Amino acid sequence: MRDVAVVGIGITKFGELWEQSFRNLFVEAGKAAILDSGVEKIDSMYVGCMSSGLFVGQEHIGCLMADYLGVSPIPAVRVESACASGGVAFRQAFIEVASGMSDVVLAGGVEKMTDVDGAIATYALATAADAEYEGFQGVTFPGLYAMMARAHMDRYGTTSEMLAHVSVKNHDNGNLNPYAQFPVKITVDTVLNSVMVADPLHILDCSPVTDGAAAVIVTTVENAKKLGKPAIRIAGSGMATDSIALHSRDDMTTLNATKVAAEKAFAMANMTLKDIDFAEVHDCFTIAELIVLESLGVYAPGKAGEAAMAGETARSGSFPVNPSGGLKSKGHPVGATGIAQIVELVKQLRGEAENGRQLDNVKRGLAQNMGGSGGSATVHILEV
Amino acid sequence: MAVGIIGWGSYLPRNRIKLEEIAAVWGADAPSYKKGLLLYEKSVPAPDQDVITLSVEASRKALKRAGIDPRKIGAVYIGSESHPYAVKPSGTTVAEAIGCSNDVHCADFEFACKAGSEAMYVAHSHVKAGEMPYALGIGADTSQGAPGDALEYSASAGAAAFIMGAENVVATIDYSHSWMSDTPDFWRREYEHYPQHAGRFTGEPAYFRTTMGCANALLEKCGMKPEDFAYCVFHQPNGKFPQRAAKKLGFDINSEQFTTGWLTPWLGNTYSGSSPIGLTAILDVAKPGDKIFMVSYGSGAGSDGFVFTVTDEIDKIRDKADFTRPQLDENKHYLTYGQYTKFRGKILRNS
Amino acid sequence: MAQTLTARVWREQPQRYRMIANKDKKSGKVYFPPRLVTPDDLNAEFEDVQLSGAGKIASWTVIRVAPAPFTDLSPYALAIIETEEGVNVTAQIADCDVENIKTGMPVKFEFRKIYEDNEASIIYYGYKAVIV
């Protein structure tokens, strides 16, 4: 296996982007990544996208995006793993370069979610659950994570206030991210008094519906050196799956796919959690950030809520989480999220994070991206 | 061979609307409705309930009591004027849901409020003829009255299911009689949402002439007198009509003979379910040896009458499913007129 | 998103209408919906079992922002039900006061309309839980 690095990053503004089309979002991010990397050509491309069919009525998007990015006739394919589509696209690019099959691969992610009304968007997202035995019953993603939150509260005494602290912290970070959808500071009271979406989750416990795209260029470390770019090495990659339906899990308060993906990534990187300086994790809902951190082993089961309240995961804390603002504040264009996490890791490791949200002296970062109610997950470890 | 009911069950939705709530919207005088028609409140189906769901739940209770293998049921008949589909049987869904085999005769009946007793009548006849060991007859409705119409105060929802058989019979059907005439007192044309009725014509020449016609013929057939019966139950378009019919025939409307199966003042008119649900409330409490007199009524017009004798078997199965009265009296949830109109699809919306 | 689900729904009738699960003969573990293999044995032998319909609430929520076919029902309660047979099932809790639900409450399943695409479509039926 060859040593592989990220040499270019590109991201669009995240938000409700009325004037941006699905394809233009991707092209904007892809072009930025190519220009940032300095590569002259790419050999292959992966596009992470969850549900272009339901959101914009478009399938066959590997072809579409290669065409509009002007890179045809290279191989280009869409990868889908619900909200982990971006993470999986990145992993596929990594595998392709590591294997020696290609030298320069673009991994992108995109979602255009605001061309449909809220009920249709909620439905489209719900198709990431078991359509016959969850979706058919009227499940929503806030609803599934709400049931995880309820189980976590029943078992560990986790409180709505603890959840609110996650949201407040991520908004503090996102407030400094020029690409974030909601760069605004909020308070615990604002979260607790916001409208209920799926009890016990308030709307400010939930990531928003977002348009956006992100892209990165993956190549060999050797090639990266030739380009004269800071090579951010992909030290470890792991992916794992779990039951698609939340009800089929033995324990609703842990995320086994995340746990296993992390174990694999750490094994590949020959590292432990102690080697990691910060993380971007999949906070699609505030409870998700807590359970993910517990599943990664950052905190013991039931302890992440207290840590959030104590500020341990803030930028100034012992283990900064989601310096980008996370899905909560930055926005969550589902297919793009996994790539946007890599973009943030690269910015932090290059020392290029904007507006004073740069973390001090960080060498290694972890990105955790997951699909559905945690039925698929990727974990990547990057180092400078 | 004594053929009759081997299992019964009822299902009443938990939602109710009070007569005052409806009257206030239409500027009607609630006290005079209550006094004149003896109607206080009515059941309302939840948005996720219809004739098929009510029938399934009532049938499951009947099956619990009967304790038989549903695959041995030879026929499933549902009487209703509010089948969810204009074309596509309710009975097939019910048969599938309760676990019948594919070797089953299935038909949906419609005869205004008489369709339920019709289903019972045909189910009974099949078993009596030896065609099949068991047959299921159901009366169920989620009836609709036009907003502001007198029927809106009564049209309600509920289901009763009866499994007919020849073994372990809990109430034998000793006599039956049907009485018909072409009397157009109530109707609904294809594609019309709400039924029409002929006002006061629905009373004397329709309900009373038909109900009394059937009841008198049945009494004559069985050679019994009203006082020979422990219980009686009639179709109940409102509280008043069955009282008057029963009284005229000589039943004691102030005793349990009449009041046990008289549910309409608090249930409303469940149409095809009306006298059948009344019968379930009677079977819930009847003792071995009791005679029961039942006469249904369906506009258009006709009545089916039955004379039942309760057997010793009833005590063995009575408690295997829940009773009708507690469903009527407990766990009620009252709706506003606004919620009621939403639940019943009466609000004009963007498609 | 309107779709015609006729065949898809028809195919699932044993599960939707009668809660037919299956049981791995060796381990006794019950699966709902029925499975063709188990994680331990690709050649596992199964037998059908009908869930009794009794269970208790393992976790729950109230959906206040509903997906397309369910918007008229909101707010509605949704739960993961731990059945008597040990297998968990996701279902709405019908006819309940959404303010008074608690984990551990006993429930039973009832036959209900799940949804319809529109007034001209097939009606999709299935199970919902009701609090006992």
Side-chain angles (χ1 to χ4, degrees), chain B residues 11-16 43-61 63-64 69-71 83-88 90 92-100 102 140 142 159 161 191 193 321-322 327 331-335 339 342-345 347 349-351, chain C residues 2 6 9-21 48-54 63 66 69-78 91-100 107-132:
Chain B
Y11 187 92
L12 307 181
R14 83 173 273 219
N15 294 307
R16 301 282 187 280
S43 65
V44 180
D48 59 4
Q49 293 178 316
D50 62 18
V51 159
I52 289 175
T53 69
L54 302 180
S55 297
V56 168
E57 288 301 321
S59 300
R60 284 178 175 165
K61 291 179 195 178
L63 268 171
K64 269 190 194 168
D69 180 353
R71 285 170 295 187
H83 292 289
Y85 291 91
V87 177
K88 191 205 166 297
S90 302
T92 51
T93 307
V94 174
E96 185 73 39
I98 65 171
C100 292
N102 298 113
T142 56
Y191 309 121
H193 197 55
D322 59 348
Q327 294 183 65
N331 198 29
K332 292 193 272 196
H333 178 245
Y334 287 100
L335 303 177
Q339 290 170 314
K342 179 187 170 194
F343 279 21
R344 301 303 285 135
I347 300 174
R349 307 174 64 186
N350 264 344
S351 54
Chain C
T6 310
V9 168
W10 169 78
R11 198 176 298 128
E12 304 293 324
Q13 276 174 2
Q15 284 69 49
R16 300 267 160 74
Y17 287 13
R18 298 194 304 279
M19 303 195 84
I20 301 298
D48 281 357
V49 290
Q50 181 167 20
L51 301 183
S52 71
I63 304 289
F70 298 97
T71 45
D72 279 2
L73 276 181
S74 84
Y76 55 89
L78 191 88
Q92 287 182 33
I93 308 175
D95 281 356
C96 66
D97 177 357
V98 296
E99 308 304 327
N100 288 328
V107 298
K108 61 177 181 176
F109 287 98
E110 277 194 6
F111 194 74
R112 300 274 177 146
K113 255 167 86 164
I114 304 299
Y115 68 94
E116 58 191 17
D117 296 324
N118 54 60
E119 285 189 2
S121 79
I122 286 283
I123 303 164
Y124 310 127
Y125 294 96
Y127 49 82
K128 289 190 184 181
V130 292
I131 290 164
V132 177

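Chain letters run A, B, ... following the sequence lines, proteins first and then strands; every chain starts at 1. Bear in mind that the values here come from a model prediction, so they are computed numbers and not experimental data.
- The stretch residues 120-131 of chain C participates, sequence neighbours left out, in these salt bridge (Lys or Arg N to Asp or Glu O under 4.0 Å) pairs: B:D48-C:K128.
- Ionic pairing of C:R112 and C:D95 is present here: one or more N-O contacts between side-chain nitrogen and carboxylate oxygen are shorter than 4.0 angstrom.
- C:Y125 and B:D50 form a side-chain donor-acceptor contact under 3.5 Å, judged by distance and modelled atom types alone.
- Partners of B:R14 according to the salt bridge (charged side-chain N to carboxylate O under 4.0 Å, His left out) rule, which considers only residues two or more places apart in sequence or in another chain, do not exist here.
- Within the 4.5 angstrom heavy-atom criterion, no atom of C:I20 approaches chain B.
- For C:Q13, the part lying near chain B is the side chain, with the backbone staying farther off; criterion is any non-hydrogen pair under 4.5 Å.
- Heavy atoms closer than 4.5 Å to chain C are found in the side chain of B:Y85, but not in its backbone.
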Starting from the C-alpha separation in whole Å, work towards a yes-or-no answer on salt bridge (Lys or Arg N to Asp or Glu O under 4.0 Å) for C:D72 and B:R349.
CA-CA 12 Å; C:D72 279 2; B:R349 307 174 64 186; 2.6 Å; yes
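- No other option in B:I52, B:N15, B:L54 has as many heavy-atom pairs under 4.5 Å with chain C as B:I52.
- The part of B:E57 that comes within reach of chain C is its side chain, from C-beta onward, which places non-hydrogen atoms under 4.5 angstrom from that chain.
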